[in-house]
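Here, residue 1 is the first one in the sequence, and each next residue gets the next number.
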Amino acid sequence: MTTTHGAIHSSILFPATNSPSQKSITIVGGSDLTYTLKYRRHLHDVQNSSLGFVSSPPSKNHRTNDARQAGRHRSISHIVFLPPRAEMARPHSHLSLLLLLRLLLLLPAATATSYSSLCHSPSAVPDALGGSPPLTLPWTSTGHFSGGGDLHFAQDRYYPHAFYFSPRSTSATTDPAVTHLSATLTLEGTRLAGRHHGDPHSVSFDLDGYHSTATGELCMVGSGSYARDDGFGVVLLSAVVLRLTVPRPANLSVPFVTGRLGGADFNHITLVAYAEAGYEYGETASCPPAPPASGARRVLPVTAAGFSCGRLRALLGRYSYSLDYKPGGHAAASGFFPLRRGHRSMYINQVRCSAAADDNAVRAYMVFYTDEPAAGPSNYTGRRWGRGREFMVGDEALVADGFWDASRSRLCLRACRVAVASSGSQSGADDLAVSECGSIGVSFWFPAVWSVRDRSVAAGMIWNATGGNSDGDAAAGGVIAVSRTGGNYRGNMSDIKYNYTLVEDAKKHYDAMPELSKEKKGRFPGNTSYRDFAFGFYLKKQGGLPRSGYAWPVTIGSAFVEGNALIADAAFGAEEANNKQRLLNVSYDLQYYVMNSSGNGNSPHQLRRLSAEGVYDTKTGSLCMVACQQVTTGSSSDCEVLVTVQFAPTDAAAARERAVGKISSLRKKTDPLFFEPLEFVGDGMYVEQEADSISRMDMESIMLVASMLLSCAFTALQLRHVKNHPEALPATSTTMLVVLALGYAIPLVLNLEDTYGDSNDRRRQYFFRLASGGLLELNGLVLRVTTVLALVLQLRLLHLAMSSRRSTTDDQAGGNKHDDGVERSTLWVCLPLYALGAVAVWIAHMTDAKPGPALVGDLAAYAGLVLDGFLLPQVVRNALSGYSKVRPALSPWFYAGVAAIRAAPHAYDAFRKRGHVLASYVYASPRDDLFGAGWDVAVPCGAALLVAVLFLQQRRGGAFGEKNSKRPGEYEMVSTLSS
């Protein structure tokens with residue numbers, strides 16, 4: 001097969017034979033390019049398809065000097081798989097996916113681009129004899145890229161833009177300062193699939209080149225590839241060149257690895273990352289003698305034994321810090337602040353420590369955002385893609401180094417301002433400019449005492465060190481106070497003390513509302529786990545915001561339940577055992593989204609956070625708290641907020657409303673801070689209910705597997721029956737056997753598609769759960785295996801039934817024609833009944849005003865009802881046969897056993913509803929059949945009726961014993977006595 005496009009001529013050379021030793025296809029492209037695609041399947045799978053090759057030369061605007069130099073190396077830029085014509089109507093066929101996978105896995109470099117034509121420094125040096133040196137270069141494994149719009153990356157700043165540089169091998173050269181290496185560079189981001197929807201997108205580059213330790217320059221060339229939008233093919237990128245500048249050594253003024261990536265087929269992409277090794281610390285930083293105004297609070301040492309970089313990094317965290325601008329003595333103008341005003345949040349993106357054991361040197365990179373979604377910037381790809389602490393680029397940044405002051409348990413840093421130089425695109429930063437080094441002071445500490453007004457895991461301050469005296473007097477200029485709350489911290493917080501300050505106010509409101517103190521029946525949260533106090537909720541009047549909030553306890557009595565779950569469980573257990581009082585002091589954190597009525601920001605939703613404390617009544621399950629809410633127009637807090645919650649009993653039936661509550665203002669309506677009450681409903685399950693639900697899911701999965709095993713056993717007994725009674729095969733309804741086979745095949749295909757579908761993450765998660773020993777996943781695997789076995793047995797039975805009719809001898813030709821006619825009549829009777837049922841389901845779905853499953857779901861449930869009546873075709877066939885004695889086509893084990901299996905889910909569903917059991921729907925799922933009070937009675941009764949009728953037919957005849965009916969072509973005994 002040969003394809004031609006422009007100046008490129010490509011051929012596919014198929015081997016002459018299909019021998020096992022010849023398993024490759026050679027593809028010859030322009031410029032003496034040759035591909036060899038190795039394959040593991042039969043050759044005709046590829047020969048029956050076509051491969052297209054397209055060369056896309058860059059436009060004039062996109063061609064760079066490097067690209068012009070490499071123009072003669074232009075080669076194939078697209079490999080497109082086209083399925084056979086018979087498959088064109090199914091663009092997502094499995095054959096297409098298999099061949100695409102082969103291309104992605106086995107595709108070599110597109111072209112052997114000359115290194116010297118694209119890289120001038122460092123020069124190529126021959127490899128030296130001997131072993132490869134270790135990778136001691138100050139590499140960064142992750143970083144941020146900007147650009148890439150012509151590679152289909154979404155350009156908005158809130159989409160992820162991360163690159164990963166992975167050296168594969170290194171070798172020494174004849175020049176000691178130059179290292180020869182090969183590496184893989186991967187760009188990861190988002191490809192927009194719609195106006196507001198994006199899918200993960202990545203482009204990989206296979207590179208080879210040299211790095212010079214003398215100049216810090218790295219240059220590599222190679223090729224890249226990424227998948228096409230439609231999934232049918234790979235786009236090849238030729239003449240790719242990567243240039244990086246690695247600081248030698250990195251320091252406060254030069255902390256970044258920077259570079260550019262270019263190619264003949266796309267514009268330049270800017271790369272920036274934080275240097276991970278080879279850092280040279282500067283002069284010692286200084287801290288103010290004490291923290292600012294709130295310095296009376298105690299501080300938390302990082303560890304009891306001394307400095308620990310891992311613990312320091314965990315406490316500083318990677319989540320958002322809030323900022324509070326506090327003017328100093330000369331801060332009448334915003335110029336006295338160390339950063340420009342208006343930043344809403346800060347992230348400590350990178351933290352590194354000195355490798356020396358006795359050195360407390362620390363360096364950090366902090367990013368500031370002026371306007372971002374309330375949930376945080378989505379270009380923080382570690383949260384979205386799970387690849388670790390990715391490099392962030394915001395509106396402004398600080399790069400700092402310093403030391404950990406163990407005597408005062410404080411981190412002291414001196415910082416440089418990092419300005420973001422943008423090219424005008426929305427893709428993020430084109431360059432990071434470091435300036436004003438040493439003019440900004442930064443300090444962090446860890447409070448040891450919490451209250452309703454201050455719950456910071458980490459707190460700090462940023463000040464202008466040049467605005468006052470040489471000691472860095474923070475009061476001389478404006479100070480930015482930063483704090484990180486503990487909602488996302490999962491470390492040990494048992495040594496933090498909590499001071500209740502608003503409990504007495506909360507008790508007054510509790511006493512003023514008699515409905516909160518009125519005892520109620522049932523057990524309420526407080527006896528099992530502190531997790532029963534946490535719940536998600538949604539606001540009743542906030543349309544379009546399901547699960548818009550979450551509330552979780554900070555302290556219950558004297559037990560600190562924030563942070564590490566195991567330590568919190570132990571603290572709560574001790575508190576529950578020692579405290580027998582009816583009213584418990586509690587403190588909470590609440591956060592929820594409301595519609596953004598102010599119009600500020602890009603997000604239509606606004607995040608609100610509440611810090612609350614009050615009392616919990618263990619007899620009534622009521623919670624009454626006074627809360628503080630940060631005012632959006634300033635740095636102060638509004639502590640005139642009342643929160644009431646009523647929990648549902650833990651031993652009650654599962655209900656959607658696990659808790660109901662209200663957030664209301666205690667201010668007068670004329671007060672500017674007054675807001676209308678917000679009613680909310682909590683959902684979820686208690687700990688005991690979750691445990692019962694998991695146990696029930698395991699039990700139901702076992703029941704499902706047992707049902708399928710019994711189906712296999714009953715089908716095997718039917719095969720044994722037809723082996724002992726061959727005359728039963730022609731009398732078996734093939735319509736019934738086809739219905740049963742489809743009942744096994746369709747769910748199997750759908751389950752396989754759900755498990756091994758389009759998402760690689762879904763496949764990895766499934767196999768991870770399976771390897772971890774989850775009973776539900778193991779039962780799911782066993783269920784698939786037994787379903788395949790049941791399908792094979794059913795197909796074998798269908799094959800025997802069809803073969804028995806084709807092999808009928810000539811002297812039985814009349815009987816065979818009669819059997820075929822009866823089977824056709826059976827089909828003409830059953831098919832209209834099935835079609836009428838489907839039409840009825842469609843009409844019921846269209847006229848139902850209530851929200852429910854899609855039409856496909858209703859039809860799937862109706863298909864389950866058809867399977868419940870699988871005996872109907874056999875009963876109809878026996879009735880139409882007109883035999884005085886019906887041949888025993890089915891074994892009683894088969895028809896009675898399978899009917900019992902189909903009726904059992906309905907009996908279980910009735911028990912599940914009457915017993916107020918938490919619904920898990922692994923067994924007797926509404927997706928598999930029609931369930932309800934009426935169906936749970938009708939289906940078992942209908943199955944029993946069909947079994948009884950079939951039993952009588954096989955005993956007394958198709959029409960229950962018509963004496964004058966006989967089979968056409970059958971001999972009749974007559975008397976031979978003569979008079």
**Student:** Applying ring-ring contact (aromatic ring centres under 6.0 Å, His included), name anything that partners His725, two or more places apart in sequence or on another chain.
**Tutor:** His721
**Student:** Are Leu791 and Thr787 close enough, and set up right, to give a side chain to side chain contact (heavy atoms under 4.5 Å, CB included), and what steps lead you there?
**Tutor:** CA-CA 6 Å; Leu791 177 62; Thr787 304; 5.6 Å; no
**Student:** I'd like to check the side chain to side chain donor-acceptor pair (under 3.5 Å) partners of Thr734; sequence neighbours left out, ordered by chain and number.
**Tutor:** Glu823
**Student:** Could you pull out all residues at least two apart from Phe560 that satisfy ring-ring contact (aromatic ring centres under 6.0 Å, His included)?
**Tutor:** Trp450
**Student:** Listing request: all salt bridge (Lys or Arg N to Asp or Glu O under 4.0 Å) pairs with a residue in residues 892-909, at least two apart in sequence or in separate chains.
**Tutor:** Asp868-Arg902, Arg902-Asp929, Asp909-Arg912, Asp909-Lys913
**Student:** Just jot down the side chain to side chain contact (heavy atoms under 4.5 Å, CB included) partners of Leu836, sequence neighbours excluded, or say none.
**Tutor:** none
**Student:** With Phe533, which residues qualify under ring-ring contact (aromatic ring centres under 6.0 Å, His included), at least two apart?
**Tutor:** Tyr616
**Student:** Checking Ser664 now: which residues fulfil side chain to side chain donor-acceptor pair (under 3.5 Å) with it, not counting sequence neighbours?
**Tutor:** none
**Student:** Measuring from Leu740:CG to Phe870:CZ, what's the distance to the nearest 0.5 Å?
**Tutor:** 6.0 Å
**Student:** With sequence neighbours left out, what residues match Glu519 under salt bridge (Lys or Arg N to Asp or Glu O under 4.0 Å)?
**Tutor:** Arg582
**Student:** The criterion is ring-ring contact (aromatic ring centres under 6.0 Å, His included); which residues satisfy it with Phe680, sequence neighbours excluded?
**Tutor:** Phe537
**Student:** Looking at residues at least two apart in the chain, or sitting in another chain, which of them share a side chain to side chain contact (heavy atoms under 4.5 Å, CB included) with Ser622?
**Tutor:** Tyr510, Leu516, Asp617, Thr620, Gln646
**Student:** When the ring centroid of Phe647 is compared with that of Phe535, is the distance short of 6.0 Å?
**Tutor:** yes
**Student:** Please list all pairs passing the side chain to side chain donor-acceptor pair (under 3.5 Å) test where one or both residues lie in residues 833-844, with sequence neighbours left out.
**Tutor:** none
**Student:** Please name all residues satisfying side chain to side chain contact (heavy atoms under 4.5 Å, CB included) with Arg523, sequence neighbours left out, ordered by chain then number.
**Tutor:** Thr650, Asp651, Glu688
